[in-house]
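Below is one structure, written out as structure tokens; the observations come after it.
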2 protein chains.
Amino acid sequence: MATAIIKNRKQQIHHTAKNLFRERGYAATSMRHIAGELGIEAASLYSHIKSKEEILQLICFELAEQFLKSSEELQRKKLPAKELFKQAVTEHIRIITQNMDSSVVFLHEWRHLSEPFLSDFKLMRKRYENFYKNIIRAGEKEKSFKYQNENLTVFVIFSAMNGIYEWFTPKGKLQPEEIAEQMVEVFLNGILKN
Amino acid sequence: MATAIIKNRKQQIHHTAKNLFRERGYAATSMRHIAGELGIEAASLYSHIKSKEEILQLICFELAEQFLKSSEELQRKKLPAKELFKQAVTEHIRIITQNMDSSVVFLHEWRHLSEPFLSDFKLMRKRYENFYKNIIRAGEKEKSFKYQNENLTVFVIFSAMNGIYEWFTPKGKLQPEEIAEQMVEVFLNGILKN
DNA sequence: ATATTTGCCTAACGACCGTTAGTTAGGATG
DNA sequence: CATCCTAACTAACGGTCGTTAGGCAAATAT
């Protein structure tokens with residue numbers, strides 16, 4: 001239907017908030033900023049949302065659930081470590097590139113969550129980290145991966161993937177699939193020429 | 001001398017600010033927070049500093065200059081690409097781990113700088129990025145490095161190094177030198193066995 | 001046609017923001 | 001001893017913050 005693209009006010013607010021939270025940070029974005037972008041008064045936002053933090057919560061947990069959901073689906077596939085690794089990286093990068101604004105907020109603004117949301121969020125992140133730790137650990141057991149420190153290795157991979165927002169533009173030459181492919185290549189084989 | 005460790009008020013303020021800016025972010029840290037940590041009134045800070053942003057400027061540019069200085073020194077050594085790469089990564093990680101609070105502020109709070117400082121900062125960052133691009137480009141010409149996309153490769157390396165603050169603790173098992181060594185290993189050879 | 005709901009408005013609340021002005025106590029300097 | 005300097009203070013400024021209350025007109029439902 002033609003109206004599928006038209007967002008209702010609540011969605012518009014969340015969309016605008018994502019954008020501003022990414023651009024200026026959560027703390028430096030005021031309700032009046034968000035309202036201004038939509039051409040309404042700050043007080044009017046409260047007809048649609050409960051609070052500023054509620055918006056942040058939605059952004060953070062929506063993305064956290066996407067990451068966890070994709071990890072669970074991948075786990076069910078029972079793939080060999082190397083293949084699982086490739087698909088996991090590809091999925092992670094797909095989610096990030098498809099949700100650029102949310103991703104930046106997810107990565108850097110979660111600390112402004114209040115309890116108990118803050119603790120919940122940290123737990124979900126830990127679960128997702130463990131998913132990756134298990135992949136590379138399995139890879140080592142299968143004798144297909146080698147590394148010295150598990151934590152360092154996983155965080156190198158996470159940091160590289162999560163840093164994509166620093167340089168990725170949807171209109172650039174590199175598309176998500178290629179980014180994933182090339183990153184996997186670097187992670188697996190490095191940049192040294194035999 | 002015994003008093004070498006004792007900081008004057010201005011240094012104390014900068015030290016406290018670094019810590020709070022890292023912990024809560026620049027925008028969410030008030031002058032009253034900083035003052036409170038030091039047991040004085042917010043207005044008293046202005047006997048020592050000019051403005052809140054001046055503190056941010058000092059943090060950002062101090063670190064930017066450290067990075068650039070180290071890159072210039074390395075460039076003068078005229079090393080082969082692989083060796084230069086190793087030393088550059090090691091230096092970068094040394095600076096980050098020795099300035100954890102500043103590093104986080106440097107990486108994430110610079111956007112709150114006002115002009116012309118913002119533009120100056122971006123330029124310095126660009127210069128430093130080019131230093132790394134030149135390394136891997138030289139490595140390719142020397143036929144010691146291989147990669148598909150220069151930008152992606154450099155940003156993978158940067159992101160991994162700059163993400164160290166997420167997990168590094170000075171009291172942990174991994175020390176900066178070992179981190180550098182192991183990261184270089186991943187960058188150069190990857191985690192795939194044979 | 002009437003009643004209800006929706007989505008906005010204005011006005012305002014108390015709190016906190018960065019910063020300035022003016023002052024004062026105490027120590028250092030002449 | 002007189003003077004200057006340092007580092008703090010109190011008080012206050014104009015603004016902005018997130019949020020609430022109450023009202024009103026248009027759209028929707030009955």
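Both backbone and side-chain heavy atoms feed into the values below; hydrogens, waters and symmetry mates do not. These numbers were taken from a predicted model, which means no experiment stands behind them. The sequence lines fix the lettering, A, B, ..., with proteins before strands; numbering per chain opens at 1.
- In this structure, A:I34 atom CD1 and D:dT16 atom C1' are separated by 15 Å, rounded to whole Å.
- For A:E53 and D:dC17, the CD to C1' distance is 15 Å, given to the nearest whole Å.
- What separates CD of A:E41 from C1' of C:dC8 is a distance of 9 Å, to the nearest Å.
- As rounded to whole Å, 16 Å separates atom C1' of C:dT6 from atom CD1 of A:I49.
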Exercise. Where do A:S71 and A:Q75 land on the side-chain hydrogen bond (donor to acceptor under 3.5 Å, both in side chains) test, with the steps shown first?
Worked result: CA-CA 6 Å; A:S71 76; A:Q75 249 165 343; 4.9 Å; no

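- The residue A:R32 sits close to a base: some heavy atom pair falls under 4.0 Å.
- Nucleotide D:dT19 holds its P atom 15 Å from the NE2 atom of A:H48, rounded to whole Å.
- The side chain of A:M31 approaches D:dT19 more closely than any other nucleotide in the set C:dT19, D:dT19, D:dT20.
- Distances from the side chain of A:H33 to the nucleotides D:dT10, D:dC17, C:dA11 place D:dC17 closest.
- B:S30 comes within 4.0 angstrom of the backbone, heavy atoms only, and of no base.
- For the pair A:I40 CD1 and C:dC8 P, the computed distance is 5 Å after rounding to whole Å.
- For the pair B:L45 CG and D:dA8 C1', the interatomic distance rounds to 11 Å; values are reported in whole Å.
- Under 3.5 Å, the side chain of B:S44 and the base of D:dA7 form no donor-acceptor pair of N or O atoms.
- Rounded to an integer number of Å, the gap from B:Y26 OH to C:dC17 C1' is 12 Å.
- No side-chain donor from either of B:S70 and B:Q66 sits under 3.5 Å from a side-chain acceptor of the other.
- For the pair A:K193 and B:Y147, the cation does not sit on the ring face, since its NZ or CZ is not both under 6.0 Å from the ring centre and inside 45° of the axis.
- For B:Q182 and B:E178, the side-chain atoms include no donor-acceptor pair closer than 3.5 Å.
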